[in-house]
Amino acid sequence: METYSNLDFASVNTMKSTSYNELMDSAQTEFQYNSHTIDFSQLDITDQGYLQWLGKEEQMTQQAFKALCRRLHIPDPFAKSINWDLLKHNITELTRGSDKQCQIFTRKSDGVVVNVANDMFVPLANELFLSELQKLSPTIKRAMISDNMMEIDITQPRFGDLDYRDLEIEKGDIIESGFNLNNSPTGHLLTNAKQFLLRLVCTNGMTMPSREGFLKLRNKFGRNIDNALDNFLEKLTEMSMNTTLIENQLKSLNRPLNVLEYAKYYKGIQGIIKDEDYTDTSIFKVDKDQRLIYLAQDRAYKKGVLSKLEKTNLNGYSVLNNLTDRAKSFEQDQRQKLEAYAGTMISSEEAKA
């Protein structure tokens, strides 16, 4: 952030609850937004990071600023550390030369810009989503609503006659099954649902980003949003979780990982956390020297120098639980990525189940 110390970003409003009523009240009061569809050529940005258009000048959240850059096909400036003068010049030139439109979403309470979204995006109001979801699942395990997204976990949902049962991986190690649902009325993401697992012994959660366990509502211009939501919920009801398969996948992870698996999972997790020491000590419980040995064996096997896959001292199920436990200490966006990667680890066991 030192590169952009001149930028004055607004904070992102957030609220956690397990009550539909509390979430509904917040959605109808604190989390209300105005949408402005304008030409990119009408945009400008100040040295403080305020967005200007049609005589307005409003503060932005950092997420909205990054979204503006993405809309202009500018790489994430916080990852690339682009010089501010160059970045501002690029934003100015690209907006002036664009013949496209965008939607600017601002908080009704204070006018802060929370997103710069696709002009074809059709918002689904959080209160409508909550109202319909409550009919299918009366209780919530975990929920967070923010200017970026609303995220809800429901377990043992009452979708018709579908049989959602607890999984017992080891004696006393109970896992609840359900769905992780996301919605954004400001275009940060499309409404979606993923299979969700919650390990009760330590409340670790993970999502299953597999083709069979993922559903998306497409908020496209020209479609009736009420009909789209009805279709989404109908498919959600049909998307029953195959608990027997997932139970076998989890149990098959309860064994030593080989070096190929370790290298794959290490690189995947490290790509999200981007902190080698933390990944080593908090997820895999190894030191740097052991990591380098495992990665060297992985390379040797792939090159044909090593003829046999070496086993590591790492139990796959333990690594999975370390990952989902540590994920809780990260911010919403990064936590979701880590929990989704835990789901990827489970999904990779499908062939062995």
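All residue numbers in this chain count up from 1 along the given sequence. The figures that follow rest on heavy atoms only: side chains count, while hydrogens, waters and symmetry mates do not.
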Q. Below 4.5 Å, heavy atoms only, C-beta onward: do M15 and S146 meet side chain to side chain?
A. no

Q: Check the side chains of E127 and Q32 for a donor-acceptor pair under 3.5 angstrom, ignoring hydrogens and angles.
A: yes

Q. Which heavy-atom pair separates P123 from P185 by the least distance, and what is that distance?
A. CB-O, 3.3 Å

Return all side-chain donor-acceptor pairs below 3.5 angstrom for residues 109-116, not counting sequence neighbours, or 'none' if the list is empty.
from, atom 1, to, atom 2, distance (Å)
D110, OD1, R107, NE, 3.1
D110, OD1, V112, N, 3.1
D110, OD2, R107, NE, 3.4
D110, OD2, R107, NH2, 3.0
N115, ND2, T186, O, 2.7
N115, ND2, G187, O, 3.4

(Q) Over 60° means perpendicular and under 30° means parallel, so tell me whether Y266 and F284 are parallel, tilted or perpendicular. (A) tilted

Q) Can you check whether N13 reaches I145 side chain to side chain, under 4.5 Å on heavy atoms? A) no

Q | Any side-chain donor near an acceptor of the partner, N6 and Q48, under 3.5 Å | A | no

Q: Answer yes or no: is there a donor N or O on one side and an acceptor on the other, between the side chain of S26 and the main chain of L23, under 3.5 Å?
A: no

**Q.** From CG (D119) to CD1 (I38), nearest 0.5 Å
**A.** 11.0 Å

**Q.** Within-4.5 Å side-chain heavy-atom neighbours: M144 and M150
**A.** no

Q. Distance only, no hydrogens: is a donor on one side chain within 3.5 Å (strictly under) of an acceptor on the other, for Y262 and D298?
A. no

Q: Using the rule that two of Ile, Leu, Val, Met, Phe, Trp, Tyr join whenever any of their side-chain heavy atoms come within less than 4.5 Å, decide whether L189 and F65 are in one cluster.
A: no

Q: Say whether L253 and V286 are linked into one hydrophobic cluster, either directly or through other cluster members, by side-chain heavy-atom distances under 4.5 angstrom.
A: yes

Q: Go through the steps for D76 and K66 under the test salt bridge (Lys or Arg N to Asp or Glu O under 4.0 Å), then give the verdict.
A: CA-CA 6 Å; D76 181 356; K66 291 170 68 173; 3.8 Å; yes

Q | Under 3.5 Å donor-acceptor, S81 side chain and P77 backbone | A | no

Q. Would you say N254 and I169 make side-chain contact, with heavy atoms under 4.5 Å?
A. no

Q.
Keeping K274 on the side-chain end and G271 on the backbone end, is there a donor-acceptor pair under 3.5 Å?
A. yes

Q. Using 4.0 Å as the upper bound for N to carboxylate O, is an ion pair formed by R255 and E261?
A. yes

Q: Verify whether the ring centers belonging to F179 and F196 lie closer than 6.0 Å.
A: no

**Q.** Distance-only donor-acceptor check, side chains N313 and Q290, under 3.5 Å
**A.** no

Q | Considering all heavy atoms, the nearest E349-S252 contact | A | OE1-OG, 2.9 Å

Q.
Rounded to the nearest 0.5 Å, what separates atom CD in Q336 from atom CD in Q334?
A. 11.5 Å

Q: Might you point out which heavy atoms bring L323 and Y341 nearest each other, and give the distance in Å?
A: CD2-CD2, 4.2 Å

Just list the side-chain donor-acceptor pairs under 3.5 Å for residues 82-89, sequence neighbours left out, or say none.
from, atom 1, to, atom 2, distance (Å)
N83, OD1, D85, N, 2.9
N83, OD1, L86, N, 3.2
W84, NE1, D47, OD1, 3.0
K88, NZ, D47, OD1, 3.3

Q: Establish, from distance only, whether the side-chain atoms of D333 and N148 form a donor-acceptor pair under 3.5 Å.
A: no

Q: Just grab all the ring pair (Phe, Tyr, Trp, His ring centres under 6.0 Å) pairs involving residues 16-47, residues at least two apart or on different chains.
A: H36-W53

Q: For Y301 and E310, run side chain to side chain contact (heavy atoms under 4.5 Å, CB included): C-alpha distance rounded to whole Å, both residues' side-chain angles, the deciding distance at 0.1 Å, then the answer.
A: CA-CA 9 Å; Y301 182 81; E310 296 290 328; over 6 Å; no

Q) Are M24 and L233 joined in one hydrophobic group, where the rule is that I, L, V, M, F, W and Y side chains link up if heavy atoms are under 4.5 Å apart? A) yes

Q: To the nearest 0.5 angstrom, please state how far the CD1 atom of I269 sits from the CG atom of L338.
A: 7.5 Å

Q: Mind running side chain to side chain contact (heavy atoms under 4.5 Å, CB included) on I45 and Q52 for me, showing each step along the way?
A: CA-CA 6 Å; I45 193 165; Q52 297 176 325; over 6 Å; no

Q) Counting N and O atoms only, with roles assigned by atom type, does the side chain of T344 sit under 3.5 Å from a partner on the main chain of A340, one being a donor and the other an acceptor? A) yes

**Q.** Close side-chain approach of L133 to I154, heavy-atom, < 4.5 Å
**A.** yes

Q: Take S184 and N126 through the side chain to side chain contact (heavy atoms under 4.5 Å, CB included) test and state the conclusion after the steps.
A: CA-CA 7 Å; S184 171; N126 280 332; over 6 Å; no

Q) Taking NZ, NE, NH1 and NH2 as the nitrogens, is one of them in K251 or E168 under 4.0 Å from a carboxylate oxygen of the other? A) no

Q. Which heavy atom in L124 sits nearest to a heavy atom in L128, and how many Å separate them?
A. CD1-CD2, 3.7 Å

Q) How long is the gap from CG on N258 to CG on L314, to the nearest 0.5 Å? A) 11.0 Å

Q: Treat each ILVMFWY residue as a node, draw an edge where side-chain heavy atoms are under 4.5 Å apart, and state whether F78 and V12 are in one component.
A: no

Q) Just how far is it from atom CD1 of I346 to atom CG of L320, taken to the nearest 0.5 Å? A) 5.0 Å

Q: Establish, from distance only, whether the side-chain atoms of Q101 and T37 form a donor-acceptor pair under 3.5 Å.
A: no

**Q.** Nearest-0.5 Å distance that lies between atom CG in L217 and atom CG in N182
**A.** 12.5 Å

Q.
Heavy-atom count check: over 12 atoms from other residues, nucleotides or ligands less than 6.0 Å from K285 NZ?
A. yes

Q) Among side-chain atoms of D173 and Y317, is any donor-acceptor pair under 3.5 angstrom? A) yes

Q. Are V305 and L292 connected in a single hydrophobic cluster, I mean Ile/Leu/Val/Met/Phe/Trp/Tyr linked by side-chain heavy atoms less than 4.5 Å apart?
A. no

Q. Angle class for the F330/Y278 ring planes (parallel below 30°, perpendicular above 60°, tilted otherwise)?
A. perpendicular

Q. Where is the tightest heavy-atom contact between A143 and I140, given as atom of each residue plus distance?
A. CB-CG2, 3.8 Å

Q. Salt bridge check: are D153 and K141 linked by an N-O gap of less than 4.0 Å?
A. no

Q | Heavy-atom donor-acceptor pair, S98 side chain to T95 backbone, under 3.5 Å | A | no

Q. Which atom pair, heavy atoms only, marks the closest approach of N322 to S282?
A. CB-O, 3.7 Å

Q. Taking NZ, NE, NH1 and NH2 as the nitrogens, is one of them in R142 or E339 under 4.0 Å from a carboxylate oxygen of the other?
A. yes

(Q) Taking M345's backbone N and O only, do any of them form a donor-acceptor pair with S348's side chain (distance below 3.5 Å, no angle check)? (A) yes

Q) Yes or no on side chain to side chain contact (heavy atoms under 4.5 Å, CB included) for L190 and N183, after CA distance, side-chain angles and deciding distance? A) CA-CA 6 Å; L190 295 174; N183 182 56; over 6 Å; no

Q: Please examine the side chains of L229 and F129, heavy atoms only from C-beta on, and report whether any two atoms are closer than 4.5 Å.
A: yes

Q. Any side-chain heavy-atom pair from R299 and K302 closer than 4.5 angstrom?
A. no

Q.
Check for me whether the distance between the ring centres of F9 and Y4 falls short of 6.0 Å.
A. no

(Q) In the structure I gave you, are the side-chain heavy atoms of H73 and L94 within less than 4.5 Å of one another anywhere? (A) no

